[in-house]
Trainee: 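Take this structure, written in structure tokens, and hold onto it; I'll ask about it next.
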Amino acid sequence: MPPQYDPTEVEPRWTRTWIERGYFHAEAPSDRPPYCIVIPPPNVTGRLHVGHALGRTIEDTLIRRARMQGFEACWIPGTDHAGIATQVVVERALREEGIDRRELGREAFVERVWSWKEQYGGEIVEQIKRMGASCDWERERFTMDEGLSRAVRAAFVRFHEAGLIYRGERLVNWCPTDRTGLSDSEVEHEEVEGELLTFRYFLTEGSGSIQVATTRVETMLGDTGIAVHPGDDRYAALVGQTVTHPFDGRQILIVADHHVDRDFGTGAVKVTPAHDPNDFDIAQRTGLPLMNIFEADARLNDAVPAEFRGLGRYEARTAVRDALEAKGLLVKEERPYVHSVGHCYRCHSEIEPWIAGLQWFVKVSGLAGAAKEAVLDGRLRFTPERWQGPFVAWLDNLRDWNISRQLWWGHRIPAWYCPDGHVTVATEDPTACAGCGSTELTQDPDVLDTWFSSQLWPYSTLGWPDDTPELSFFYPNAALVTGYEILYLWVARMVMSGLFLVGDVPFHDVVIHGLVRDQQGRKMSKSLGNVIDPIEMIDRYGADALRFSLARAATGGQQDIPLSEEGIEAGRNFANKLWNAARLVLRAFPGGAPTPPPPDRLTLPERWLLSRHQACLVAVDAALDEYRFADAALALHRFVWSELCDWGLELEKGRLHGTDAERSDATQVLAWILERTLRLLHPTMPFVTEEIWQRFGIGDSIAIATWPSSRPQQADAAAEASLTALQEIVTAIRQFRAQHHVPTAHRLEITVGVPDSEQAALRDLSERIGKLTGVSTMAIIPGDSPKAEGVVRIGVADGFVEIPIAGTIDLDAERARLSKRLAEVDRDLERAGTKLANEGFRTKAAPEVVVAEQDKVTRLGVERDQLFAQLGELG
RNA sequence: GGGCGCGUAGCUCAGCGGGAGAGCGCUCGCUUCACACGCGAGAGGUCGCAGGUUCGAAACCUGCCGCGCCCACCA
């Protein structure tokens with residue numbers, strides 16, 4: 001084994017081998033219990049970013065552990081066609097060739113997207129493989145492949161038959177850049193600094209006027225009414241009258257509607273039904289007409305006066321303002337005026353509420369009840385739990401889901417129309433109208449929201465709508481791992497549709513992780529230059545390093561996850577540490593299954609290591625069972641580095657260099673511990689653990705080895721106590737050396753006092769301790785022996801260390817050390833004294849706490865006397 | 001407007017009733033026979049602020065201040 005672990009050589013080899021040998025393939029049905037996770041399908045044209053890397057790390061940790069625990073572990077990978085995102089990417093590429101999508105025509109364009117997908121798509125799949133993800137690649141799916149397309153149609157038809165999908169003309173969230181409608185969930189609201197203008201409309205009859213306020217003054221060109229509150233005395237007389245539009249002379253009716261807030265602004269609202277959802281509702285209630293003033297690209301259309309036609313919405317805003325001012329109608333301008341504006345989640349353009357013709361909607365409220373019930377009765381659990389509240393609140397406030405997208409890339413809506421206006425909805429392309437038998441059918445030109453197919457993912461990938469063995473065996477999935485940003489967009493819809501279409505929740509546990517950010521908590525963005533490219537990190541430090549650092553950072557407490565290159569470097573160092581521990585342990589290991597010697601041949605460090613290893617296992621199991629990945633990583637790091645390497649191996653080196661029998665015993669027990677630790681670590685760091693594990697020659701792959709079982713009998717409190725005492729002795733000597741600048745070359749002759757019960761163990765290890773501390777001879781005497789002459793005595797638990805003064809110590813340094821310790825002792829004594837003097841404490845605190853405090857006083861008192869004596873000796 | 005999370009060592013975070021921890025960074029010393037991607041020692045903290053509960057609070061409660069996020073038909 002080389003002294004440095006080299007992931008660049010190891011990782012590609014194992015990635016290939018694991019897949020070739022089919023370890024990750026799962027069968028259904030199986031004698032083993034099922035454990036299934038689906039990957040949140042990334043966009044085909046996407047590249048792996050750290051957010052994906054985090055999700056995949058978590059999923060792989062769960063899946064690999066489940067596989068080792070004996071589950072039929074199935075992790076289904078795949079990609080999403082991602083309607084808008086992909087279409088936009090391909091459109092941009094075409095534009096660079098000077099081609100417009102509309103010139104190309106629908107069919108040719110869609111073909112181009114497919115070939116784009118074949119050529120450039122799927123890179124992300126290769127990147128996921130590089131992470132070591134143990135997906136069942138034989139089950140890889142794409143949301144637009146044949147089977148999943150069938151599932152989409154089946155779902156649409158079933159929803160439609162149940163009356164949960166309908167067609168209607170409503171205002172939709174229109175993105176003028178992508179030229180498509182969006183669902184409410186795809187609109188991101190953001191505070192912007194805008195303006196609030198107040199202007200006046202003159203009454204048609206008489207000379208009176210009414211003032212209205214707006215943040216979007218250009219929409220007044222499409223005003224068809226003014227609304228006031230029905231109980232508002234100020235305007236009661238005006239309801240039913242009209243005002244005259246200043247630019248085109250239209251008569252606009254003043255109506256009463258409860259929606260109006262009397263206290264806001266002037267208490268009168270301009271009503272633009274075709275361009276504002278509230279106004280649309282008011283118009284529905286009061287019968288005001290709709291007047292559309294925008295083209296699809298948010299330029300003013302021919303419905304507006306000639307002077308404004310063709311202006312973009314922002315130009316129009318200024319133009320209308322100026323025109324109002326010119327007519328003396330502008331009353332007030334407030335600027336900046338902060339308010340919330342919806343933006344497209346893909347291109348970030350401002351959303352334009354617009355009537356985009358007949359659209360298909362899912363009546364989600366009809367599905368929400370069952371989803372809420374599943375949460376409340378515990379079939380669906382959230383980790384962290386705090387997401388349950390927002391999830392239920394969201395379900396309680398659902399509006400219908402617009403699923404029509406005016407795009408070409410996606411699942412075409414399975415609805416056909418005949419010239420008489422009948423609608424035929426079917427899973428197979430119909431030959432005749434279901435209403436009148438007409439053969440003149442045209443399919444709806446729109447495609448479905450990309451999330452319509454994503455919501456089917458946990459069961460469409462298992463073969464739904466067919467009743468496949470996979471579906472009955474692996475559904476519901478064990479867990480779903482995702483970021484909170486798509487909780488509503490995706491997770492909620494999977495739950496609702498799964499309950500309705502399949503009859504059960506799609507998964508039991510929703511594991512929600514934060515957004516990966518940089519170390520200052522900023523979002524990673526190209527413009528900030530703080531993007532960490534996971535593939536670059538894998539190249540530089542290895543996949544295990546990246547995975548470990550992500551797991552280590554993914555604590556439950558905070559909302560987001562800070563990641564830095566230094567953190568990944570630390571992961572790399574850890575992999576190397578493990579590698580070197582293995583080098584040491586396996587140097588004399590003959591191979592085969594490690595067999596620890598019988599208990600009576602175990603040394604103290606060995607019993608201690610077994611005990612610590614058991615504690616580590618318990619901690620790792622508990623942490624992973626509860627999705628506390630950081631805690632699991634931390635426990636393993638602590639055990640391997642601080643316990644196994646810093647103490648265990650250091651103390652065992654004597655035996656590793658000892659007689660054949662000693663070496664054999666030590667190697668076997670250390671190898672036994674190491675091998676089990678590798679298995680515990682394998683789900684988090686698959687590559688380095690596999691590479692080391694191969695040295696044992698006990699199986700084909702650690703990936704299909706058995707998860708270590710708990711050995712409670714190995715917990716050894718006595719060994720832990722003894723070793724802690726020993727650590728104190730070693731540390732005391734090292735501290736002394738450092739404080740007095742005693743070079744290691746200067747061998748010390750010391751005396752150690754310990755209770756009789758500890759003497760044998762200490763004697764066994766004295767040589768090793770000597771090596772660790774530069775001590776040549778170590779006399780061992782009872783812990784209560786009086787202090788010798790001419791030595792410095794350092795107190796440790798139940799004993800002391802005595803180091804001769806002659807030739808070793810720096811008197812000033814020693815005085816400083818003693819004084820400092822004395823100050824600490826005094827402070828602690830005073831604290832404890834006050835506490836014990838408090839009657840409340842003595843009577844109300846737990847008795848053992850009081851006793852511990854009294855013991856402390858006794859102990860500190862003795863130490864204080866000794867410190868004084870030594871200070872006196874030094875003069 | 002409603003809700004959530006977070007303010008603990010220079011940085012990132014654990015701790016969540018018995019008087020404070022890790023990793024990284026920093027300082028000092030080490031070619032100690034696995035590892036300098038290392039070993040040893042050390043410095044560094046009125047645990048955001050103010051009240052309250054308690055014998056005892058970083059931890060529990062209330063209020064305030066700061067930072068971040070989610071939801072909402074704030075004309």
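Residue numbering restarts at 1 for every chain, and letters A, B, ... go by the order of the sequence lines. When reading the values below, keep in mind they use all heavy atoms of this one structure, side chains included, and skip hydrogens, waters and symmetry mates.
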Trainee: For residues 268-284 of chain A, which residue pairs qualify under salt bridge (charged side-chain N to carboxylate O under 4.0 Å, His left out), counting only residues two or more places apart or in two chains?
Mentor: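 Listed once each, the pairs are A/Asp223-A/Lys270.
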
Trainee: Using a cutoff of under 3.5 Å, can you pull out all pairs of nitrogen or oxygen atoms linking the protein to nucleotides 35-37 of chain B, with atom names and distances?
Mentor:
residue: B/C35; atom: O4'; partner: A/Asn580; partner atom: OD1; Å: 2.8
residue: B/C35; atom: O4'; partner: A/Asn580; partner atom: ND2; Å: 3.3
residue: B/C35; atom: O2'; partner: A/Asn576; partner atom: OD1; Å: 3.3
residue: B/C35; atom: O2; partner: A/Lys577; partner atom: NZ; Å: 3.0
residue: B/C35; atom: N3; partner: A/Lys577; partner atom: NZ; Å: 2.7
residue: B/C37; atom: O4'; partner: A/Asn573; partner atom: OD1; Å: 2.9
residue: B/C37; atom: O2'; partner: A/Asn576; partner atom: OD1; Å: 3.2
residue: B/C37; atom: O2; partner: A/Arg572; partner atom: NE; Å: 3.1
residue: B/C37; atom: N4; partner: A/Gln4; partner atom: OE1; Å: 2.2
residue: B/C37; atom: N4; partner: A/Gln4; partner atom: NE2; Å: 3.4

Trainee: When the nearest nucleotide of RNA chain B is assigned to A/Arg638 and to A/Thr266 on a heavy-atom basis, which residue is associated with the more 5' position?
Mentor: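 Comparing both residues, the 5'-ward one is A/Arg638.
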
Trainee: A/Glu728: what forms a side chain to side chain contact (heavy atoms under 4.5 Å, CB included) with it, not counting sequence neighbours?
Mentor: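 Residues passing side chain to side chain contact (heavy atoms under 4.5 Å, CB included) with A/Glu728: A/Val796, A/Ala797.
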
Trainee: Between A/Arg842 and A/Glu839, does any side-chain N to carboxylate O distance fall below 4.0 Å?
Mentor: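 A/Glu839 and A/Arg842: not salt-bridged.
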
Trainee: For nucleotides 16-19 of chain B, which of its nitrogen or oxygen atoms have a protein nitrogen or oxygen under 3.5 Å away, and what is each distance?
Mentor:
none

Trainee: In chain order, what residues pass the side chain to side chain contact (heavy atoms under 4.5 Å, CB included) check against A/Ser365, with sequence neighbours excluded?
Mentor: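 Side chain to side chain contact (heavy atoms under 4.5 Å, CB included) list for A/Ser365, sorted by chain: A/Lys363, A/Asp400.
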
Trainee: Of the candidate nucleotides B/A34, B/A43, B/C71, which contains the atom at the shortest distance from the side chain of A/Lys820?
Mentor: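 Minimum distance to the A/Lys820 side chain belongs to B/A43.
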
Trainee: Taking A/Asp544 for the side chain and A/Phe687 for the main chain, is one N or O donor matched with an acceptor at less than 3.5 Å?
Mentor: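 Confirmed, A/Asp544 side chain pairs with A/Phe687 backbone.
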
Trainee: Is the distance between the ring centroids of A/Trp387 and A/Tyr484 under 6.0 Å?
Mentor: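 Between A/Tyr484 and A/Trp387, the centre distance is under 6.0 Å.
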
Trainee: Please produce a list of atom pairs where a protein N or O lies less than 3.5 Å from an N or O of nucleotides 66-68 of chain B.
Mentor:
none

Trainee: From the set B/C74, B/G23, B/G5, return the single nucleotide nearest to any side-chain atom of A/Tyr337.
Mentor: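 Of B/C74, B/G23, B/G5, B/C74 is nearest to the side chain of A/Tyr337.
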
Trainee: Who pairs with A/Ala545 by side chain to side chain contact (heavy atoms under 4.5 Å, CB included), at least two apart in sequence or on another chain?
Mentor: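 A/Ala545: side chain to side chain contact (heavy atoms under 4.5 Å, CB included) contacts with A/Tyr541, A/Ile568, A/Arg572.
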
Trainee: Among B/C24, B/A41, B/G23, find the nucleotide with the atom closest to the side chain of A/Arg734.
Mentor: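 It is B/A41.
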
Trainee: I'd like to check the side-chain hydrogen bond (donor to acceptor under 3.5 Å, both in side chains) partners of A/Glu569; sequence neighbours left out, ordered by chain and number.
Mentor: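 If we apply the side-chain hydrogen bond (donor to acceptor under 3.5 Å, both in side chains) test to A/Glu569, skipping adjacent residues, there are no hits.
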
Trainee: Counting heavy atoms from C-beta on, name the nucleotide in B/A22, B/A75, B/A34 closest to the side chain of A/Leu634.
Mentor: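 It is B/A22.
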
Trainee: Determine the minimum heavy-atom distance between A/Ser185 and A/Leu489, stating which atoms define it.
Mentor: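 Where A/Ser185 meets A/Leu489 most closely, the heavy atoms are CB-CD1, 3.1 Å.
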
Trainee: Which listed nucleotide (B/C74, B/A41, B/A75) is nearest to the side chain of A/Val269?
Mentor: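 Selected nucleotide (nearest to the side chain): B/A75.
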
Trainee: A/Glu188: what forms a side chain to side chain contact (heavy atoms under 4.5 Å, CB included) with it, not counting sequence neighbours?
Mentor: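 With sequence neighbours excluded, A/Glu188 shows a side chain to side chain contact (heavy atoms under 4.5 Å, CB included) to A/Tyr345, A/His348, given in chain and number order.
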
Trainee: With A/Phe382, which residues qualify under ring pair (Phe, Tyr, Trp, His ring centres under 6.0 Å), at least two apart?
Mentor: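 In terms of ring pair (Phe, Tyr, Trp, His ring centres under 6.0 Å), with neighbours along the sequence ignored, A/Phe382 is linked to A/Phe391.
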
Trainee: Could you list the residues that satisfy salt bridge (charged side-chain N to carboxylate O under 4.0 Å, His left out) with A/Asp396, not counting sequence neighbours?
Mentor: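 Residues passing salt bridge (charged side-chain N to carboxylate O under 4.0 Å, His left out) with A/Asp396: A/Lys372.
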
Trainee: For the side chain of A/Glu191, starting at C-beta, report the closest nucleotide among B/A75, B/C33, B/C74.
Mentor: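 Per side-chain heavy atoms of A/Glu191, the pick is B/C74.
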
Trainee: Under a cut-off of 3.5 Å for both distances of each Watson-Crick or G-U pair, what dot-bracket string does RNA chain B give, using [ ] for crossing pairs and | for inter-strand pairs?
Mentor: ((((((((.[[[[.)..(..]]]].(((((.......))))).....[[[[[..)....]]]]])))))))....

